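Order of appearance sets the numbers: ligands from 1, and atoms from 1 within every ligand. Keep in mind it's a predicted model, so treat the numbers as computed, not measured.
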Amino acid sequence: MTDTTTKPTTTVETKVERPQLHKVILVNDDYTPRDFVVMVLKAEFRINDDQARRVMITAHQRGVCVVAVYTKEVAEAKATNATDRGRGQGYPLLFTTEPEE
Ligand code: TYC
């Protein structure tokens, strides 16, 4: 028997968008000790001593410094945890987040 049925020719195109990344930003203040800032950066963002000192000095001199980029949830969680580490010691240390362009 000859098969005369026509196979459907629908093609499904899937577009995958990458999640928007968010920056974690270190904000300078006049009270938090430099070594404490470096310690928090190393503990929360898994960066080495050299990188942590560079980030700290940049924030100290320019007012702010981007620490790293993550998905929104991770960036917000890390900024909150890092800020809380300072609060725990009575320091006004502040980390904020903002979406990347
Ligand atoms: N400015 C602080 C001081 O001189 C050090 C410091 C650097 C604090 C960066 C916060 O995000 C900061 N002790």
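Side chains of Tyr31 and Phe36 form no contact here, defined as non-hydrogen atoms less than 4.5 Å apart. Residues Thr83 and Arg87 meet the side-chain proximity criterion, which asks for heavy atoms closer than 4.5 Å. Using a 4.5 Å heavy-atom threshold, the side chains of Leu93 and Leu26 count as touching.
In the hydrophobic clustering of this structure, Val40 does not group with Leu94; members are Ile, Leu, Val, Met, Phe, Trp, Tyr whose side-chain heavy atoms approach within less than 4.5 Å, directly or through other members.
Enumerated by chain and number, the residues approaching ligand 1 to less than 4.0 Å through a heavy atom are Leu26, Val27, Asn28, Asp29, Thr32, Arg34, Val37, Met56, Ala59, His60.
Both tests hold for Lys78 against Tyr70: distance to the six-membered ring centre under 6.0 Å, angle to the ring axis within 45°.
Residue pairs satisfying the salt bridge (charged side-chain N to carboxylate O under 4.0 Å, His left out) criterion with at least one member in residues 88-101, sequence neighbours excluded, are listed as follows: Lys23-Glu98, Lys23-Glu101.
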